[in-house]
**Q** 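First the structure, which I've put down as structure tokens, then a few questions once you've had a look.
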There are 2 protein chains.
Amino acid sequence: MPSIPSKAQLMELLAHSVSTHYADFTSAAADMGLTSSQAKTLTVLRRAPASMRSLAITLACDASNMTGIIDRLEKRDLVHREVSPTDRRVKNVALTETGQKAIDTIRERMEQTQTGLDNLSDEERAELFRLLTVVFPR
Amino acid sequence: MPSIPSKAQLMELLAHSVSTHYADFTSAAADMGLTSSQAKTLTVLRRAPASMRSLAITLACDASNMTGIIDRLEKRDLVHREVSPTDRRVKNVALTETGQKAIDTIRERMEQTQTGLDNLSDEERAELFRLLTVVFPR
DNA sequence: ACTCGATGCTTGAGGACATCAAACAATAGG
DNA sequence: CCTATTGTTTGATGTCCTCAAGCATCGAGT
């Protein structure tokens, strides 16, 4: 029977885990010549195209900030803007093929996280999944 | 018996959890007028003073970068530099009382994370602790 | 003691990110 | 229509980040 960690201890471990994961992500992104903000943006777009505004909301930053980030991604053909057919104020941003590949590669290259997860059994992965869902619900 | 999530699903959930925690931290820091880099630095110093170099290593950034971050923290009396008595090249950085309080306050104000953890039973917290230790060993 | 390479920190230049205020176009509702 | 609102961009300012270069100090070897 393991001793029960205090909430503070768990907070600390959580912080450590987050730091490690984040560093892993940032470093994998840097290998592709991308900043973590750029890579985060690609991650959001991986599922579905989004308007500038909704990107800003998802990434919790100012809309004016997104302009620069998307500018730089677009300049490298990782992403492209497209005026919404239903509202001409809106610009929808979508991944290009290149962008899709870039973000997939980054995920594959997160070695620390990958090998960490490999240390879990199937049951443990299921349990971690469940617990994380409770702590960080969508 | 829960179905077993694929590794990709777990990676995704992990990314979501990390984002949420990181946003929580950043927002709590911003409430105190601190950037996340500044708050991260305070976190590292919470345990023990450290030299500029070791801070840079821990935070995975260039040493020249730390100069500016510590400059700004020192200007606000959250931290102070002190020449090492054993090696005059080295500057040891330590939290001031104010800095100690600031980082404690930030931790307390991470409400999303706090309430998330409150949703776990003691056993679940112990299990999450164990699993995270496996995935992200120190 | 003296030189020399290595180490610790800072400075300066240049790019990226973040926030705010302000501008502009387009929409929606009266 | 007129007006308020919304979506995006621009510009200013500060922070972060990386690189190259500089200075001071240390340590080992001669």
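Below, all heavy atoms of this structure are taken into account, side chains as well, without hydrogens, waters or symmetry copies. For clarity, every value in this text was computed on a predicted model and none was experimentally measured. In what follows, every chain begins at residue 1, and chains take the letters A, B, ... in the order their sequences are listed.
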**Q** Pairs in or reaching into residues 24-34 of chain B: which pass side-chain hydrogen bond (donor to acceptor under 3.5 Å, both in side chains), with residues at least two apart or in two chains?
**A** B:Asp24-B:Thr113
**Q** How about CD on A:Gln114, more than 12 heavy atoms from neighbouring residues, nucleotides or ligands closer than 6.0 Å, or not?
**A** yes
**Q** Less than 4.5 Å apart, any side-chain heavy atom of B:Ile57 and any of B:Arg53?
**A** yes
**Q** Closer than 3.5 angstrom, by distance alone: can the side chain of B:Gln9 be matched with the main-chain N or O of B:Ser6 as a donor-acceptor pair?
**A** yes
**Q** Between A:Ile4 and B:Phe129, is any pair of side-chain heavy atoms under 4.5 Å apart?
**A** no
**Q** Within the distance-only criterion (no hydrogens, no angle test), does the side chain of B:His80 pair as donor or acceptor with the backbone N or O of B:Val93 below 3.5 angstrom?
**A** no
**Q** Under a 4.0 Å N-O cut-off, is there an ion pair linking B:Asp122 with B:Arg125?
**A** yes
**Q** Sugar-phosphate atoms are those with a prime plus P, OP1 and OP2; base atoms are the rest. Using that split, label each nucleotide of nucleotides 15-24 of chain C B, S or - for protein heavy atoms under 4.0 Å, 5' to 3'.
**A** -SSBBB----
**Q** Report the residue from A:Thr58, A:Leu59, A:Leu78 that forms a side-chain contact (heavy atoms from CB on, under 4.5 Å) with A:Thr41.
**A** A:Leu59
**Q** Does A:Glu127 reach the side chain of A:Leu120, with side-chain heavy atoms less than 4.5 Å apart?
**A** no
**Q** Can you pull out how bent the helix from C:dA1-D:dT30 to C:dG30-D:dC1 is, comparing the axes over its first five and last five pairs, to 10°?
**A** 20°
**Q** Counting distance only, does the side-chain N/O of A:Ser54 pair as donor-acceptor with the main-chain N or O of A:Ala50 below 3.5 Å?
**A** no
**Q** Residues from residues 83-94 of chain B sitting under 4.0 Å of DNA chain D, heavy atoms only?
**A** B:Asp87, B:Arg88, B:Arg89
**Q** Is the shortest heavy-atom distance from the side chain of A:Met110 to the side chain of A:His21 under 4.5 Å?
**A** yes
**Q** Sub-3.5 Å donor-acceptor pair from the side chain of B:Gln38 to the main-chain atoms of B:Thr35, do we have one?
**A** yes
**Q** Do NZ/NE/NH1/NH2 and the carboxylate oxygens of A:Glu12 and B:Arg47 come within less than 4.0 Å?
**A** yes
**Q** So, are A:Arg81 and A:Glu74 salt-bridged, with charged N and O less than 4.0 Å apart?
**A** yes
**Q** What parts of residues 50-57 of chain A reach DNA chain D, counting only heavy atoms under 4.0 Å away?
**A** A:Ser51, A:Met52, A:Arg53
**Q** Quick check: does any side chain N or O of B:Glu124 sit under 3.5 Å from a backbone N or O of B:Ser121, one acting as donor and the other as acceptor?
**A** yes
**Q** Of all nucleotides in DNA chain D that come within under 4.0 Å of a heavy atom of chain B, which is furthest toward the 5' end and which toward the 3' end?
**A** D:dT15 to D:dC26
